[in-house]
Amino acid sequence: MTITETSGGILVRLPYLSLADTLDCGQCFRWETSDNCTFRGCHNGHFLTVSQLKLGAPQDESAIFLHRTTRKQFETIWRPYFDLDTDYHAMQQIFRNDPTLALACDYAGGIRILRQEPWEALCSFIISQNNNITRIKDIVTRLCETFGNHTADGYTFPRPERIASLSLDDLSPLRAGFRAKYILDAAQKIAGGEIDLPAVAAMPIDEARKALQTICGVGPKVAECALLFGFYRREAFPIDTWIKKVLNIYYPNGFPDFAVPDGGVAQQYLFHYVRNHPLPA
DNA sequence: AACCAGGTTGACG
DNA sequence: CGTCAACATGGT
């Protein structure tokens, strides 16, 4: 990876990375684009415009440009967020021992797991249940625009303390349906100290699962998504309707052992792959 | 008009 | 412990 500071921002040349796939594969819900090349989004109160300068083939070098970003902002915020120091190629070499995963790597290998802010990830995936991605994005957008901080750059994701100060009726403009009470319960347990997210981050994964599932509206799948996308637990393996079909069709005898330690990454590749390819009946 | 959407809950055997 | 309808809302 080579990093170049320019007057306009930071240029990063690095192994294969697809911004379009990474930011629109259903792991995050707040990045917007009009051309599938330049994206604008927010992480932990920091806003960014980022462009794909070069995609290339999987074996080639990619390049991205972070607009109006200093070296310090890059190092402290965006380099970790985009998980730029993890060797995805090495992971994919292992996945390729399985034929289905090899196809998923070919198709989705430009995806990086974003290190999202834990509360935002948890809250977003509470909203995701029995919902479609378009509407998840709409509800999250309304959540930010209604209760987030309005800065010069845009709306931030509201902190749990802010949500916890609200009533169920206050959340009605979100049109989140039955999920509103779950959002409220999560915010109240976190703001009230009943659940300590930094402590969850430090727990053994089974303990973390149990802790998250004490929140009403957080079952096995949402907990797993929060752990993978909000706590960067790459072994977390969310099983949704799509992955359930994949497991039934391609892995009737179980998911391959060698892929389990990075199962979440494999899961995300498979998810993106099957969502864009017809599955056998 | 019925069915589906990155599921979870509470009620039932 | 496994099964199953209900759950709000919006899109086909």
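Keep in mind that the numbers below use all heavy atoms, side chains included, and drop hydrogens, waters and symmetry copies. Note on naming: letters A, B, ... go to the chains in the order of the sequence lines (proteins, then strands), and numbering restarts at 1 for each one.
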ILVMFWY cluster membership beyond W31(A) - transitive side-chain contacts under 4.5 angstrom: M1(A), I3(A), I10(A), V12(A), L14(A), L17(A), L19(A), L23(A), F39(A), L48(A), V50(A), I64(A), L66(A), F74(A), I77(A), W78(A), Y81(A), F82(A), L84(A), L114(A)

Partner set under side-chain contact (heavy atoms from CB on, under 4.5 Å) for R162(A), not counting sequence neighbours: F147(A), P158(A), S165(A), L166(A)

D138(A): side-chain contact (heavy atoms from CB on, under 4.5 Å) partners, not counting sequence neighbours: T134(A), R142(A)

Members sharing L11(A)'s hydrophobic cluster (side chains within less than 4.5 Å): L53(A), F65(A)

Paired stretches of DNA chain C - 3 or more consecutive Watson-Crick or G-U pairs, each distance under 3.5 Å: B:2-5 with C:9-12, B:7-12 with C:2-7

Residues within residues 220-230 of chain A bordering DNA chain B, heavy-atom distance below 4.0 Å: P220(A), K221(A), V222(A), F229(A)

Strand contacts (DNA chain B) in residues 21-33 of chain A, 4.0 angstrom heavy-atom criterion: C25(A), G26(A), Q27(A)

Qualifying salt bridge (Lys or Arg N to Asp or Glu O under 4.0 Å) pairs, either residue in residues 75-95 of chain A, two or more places apart: R71(A)-E75(A), E75(A)-R79(A), R79(A)-D85(A), D83(A)-R115(A)

Sugar-phosphate, base or nothing in reach of I127(A), heavy atoms under 4.0 Å: nothing

All pairs passing salt bridge (Lys or Arg N to Asp or Glu O under 4.0 Å) where residues 208-227 of chain A contributes a residue, at least two apart: D206(A)-R209(A), R209(A)-E224(A)

Acceptor/donor pairs from residues 185-205 of chain A side chains to any protein atom, 3.5 angstrom cut, sequence neighbours excluded:
{"residue": "D185(A)", "atom": "OD1", "partner": "K189(A)", "partner atom": "NZ", "Å": "3.0"}
{"residue": "D185(A)", "atom": "OD2", "partner": "K189(A)", "partner atom": "NZ", "Å": "2.8"}
{"residue": "D185(A)", "atom": "OD2", "partner": "C216(A)", "partner atom": "N", "Å": "2.8"}

Reading 5' to 3' through nucleotides 6-11 of chain C, protein heavy-atom contacts under 4.0 Å coded B for base, S for sugar-phosphate only, - for none: -BBBS-

Salt bridge (charged side-chain N to carboxylate O under 4.0 Å, His left out) partners of R13(A), counting only residues at least two apart: E61(A)

